[in-house]
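Chain letters run A, B, ... following the sequence lines, proteins first and then strands; every chain starts at 1. These values consider heavy atoms only, across backbone and side chains, with no hydrogens, waters or symmetry-generated copies.
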2 protein chains.
Amino acid sequence: MDPEVEDIRVAVSTVIFSLRTPRAGDAPAVVLPLVKRTRDPFEGLWALPGGWLGACEGLDAAASRTLGETTGLAPSYLEQLYAFGAVDRSPTRVVSIVYWALLRPEEVSDVENVGWFDAADLPRLAFDHNEIVEYALWRLRNKVGYSRIAHGLLADEFTLAELREVYEAILDRKLDPANFRRQVDTSATLIPTDRFRTGSHRPARLYRYNRDVELADRGPLSRSPETSVR
Amino acid sequence: MDPEVEDIRVAVSTVIFSLRTPRAGDAPAVVLPLVKRTRDPFEGLWALPGGWLGACEGLDAAASRTLGETTGLAPSYLEQLYAFGAVDRSPTRVVSIVYWALLRPEEVSDVENVGWFDAADLPRLAFDHNEIVEYALWRLRNKVGYSRIAHGLLADEFTLAELREVYEAILDRKLDPANFRRQVDTSATLIPTDRFRTGSHRPARLYRYNRDVELADRGPLSRSPETSVR
């Protein structure tokens, strides 16, 4: 075997997307947690949460562990996003297996040394982490169109306006409320409840997702212990 | 840094899908190339083509290189599929970044030590390669529904019956010809030509894919030199 192989190390990183509403009444924005680096390389820059893969742990386990250690966050489900391995992405040779997850706003807690940033307005990050976030956002935008993925950012019950705001935040554009309602009505993904959201506006019906539709079907991988939800 | 990290090595493997028609008139089957292992572990078993990641090459480059070295195959486009890193998938600790590609039947050539196997009828493979193929097949089945991916298995011009046979081979079930024609007609992905396939049956119109639709959109990654087509 080529001895050079020994010089390549494996890390895991995680992109966690959530929504944050700056002020009551504002539209929500897609946000993600970053950790400030306390040593070289890129000391002082913000980076995705992560760490080294342990010799005796699977990739999914390493993603959960390093995310917990750096941010205290524990999403119920982490999905593998992509492996980044460009030769020049770090001063030493590191292949990073990147995971991603969605967190509902109420699952987000503030932790020291962790900053939540607007995904559309990031500073220069360490390594190739700006590129990684850009790719994760692209995948999120694609996925929201054909799956229940917006559910990962919402409470169990929500109004159509709240669901539309999630789509608007992810797609970064306004959607026509009437068209949006028609599209949702013709899909089988939402189930109307008998409950209403009351407040300053007229009461709005609450909906929930049809649980018969898989949130994120990963096919054969979901049966493997390596990739099971913790 | 944890010294254990040094004990993890990175490999690349590739799943290449093509179609093979056992006898003229038969329905085509999805096939893939495997390489017989000539040393431990798993000496004598068939395995996916692949090899170690070089210290100075990107992941995409390593996938292309090792595929060429082991099989002589050179698909124009390799897509990263998934990183497999279960602790027990190999006697030593190996994380494999797996790529996949589709090859048209005329691009397939026979090479010594390479066997083409029916994807639905594989022997016991080395490592976790049976699981990897199962996952790749699942992704192929999912992807064929919402992209032009079947194009990667067909010549530039094809009849609707030939396209339907590709879908049938991938999905492993018969499709109703009239329904299939209707679905294709309502999508904007195919363009009819003025040419016809003649032979033992009545002449059938040839179609080509609408090139305005991306074959496989990978978003921001397609702009990165690390992941560019060779």
Residues 113-126 of chain A, side-chain donor-acceptor partners within the protein, below 3.5 Å, at least two apart:
residue, atom, partner, partner atom, Å
A:D118, OD1, A:A120, N, 3.0
A:R124, NH1, A:F127, O, 3.4

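- Separating the OH atom in A:Y82 from the CD1 atom in B:I97 is a distance of 10.0 Å, to the nearest 0.5 Å.
- Just one of A:I8, A:V10, A:V95 meets the side-chain contact (heavy atoms from CB on, under 4.5 Å) condition when paired with B:I8; it is A:V10.
- Checking side-chain atoms of A:R93 against main-chain N and O of B:G54 turns up a donor-acceptor pair under 3.5 Å.
- Heavy atoms of other residues, nucleotides or ligands lying less than 6.0 angstrom from CZ of A:R181 number 12 at most.
- Scanning for salt bridge (Lys or Arg N to Asp or Glu O under 4.0 Å) contacts around A:E69 gives A:R65, with sequence neighbours left out.
- Rounded to the nearest 0.5 Å, atoms SG (B:C56) and CG (A:D88) are 11.5 Å apart.
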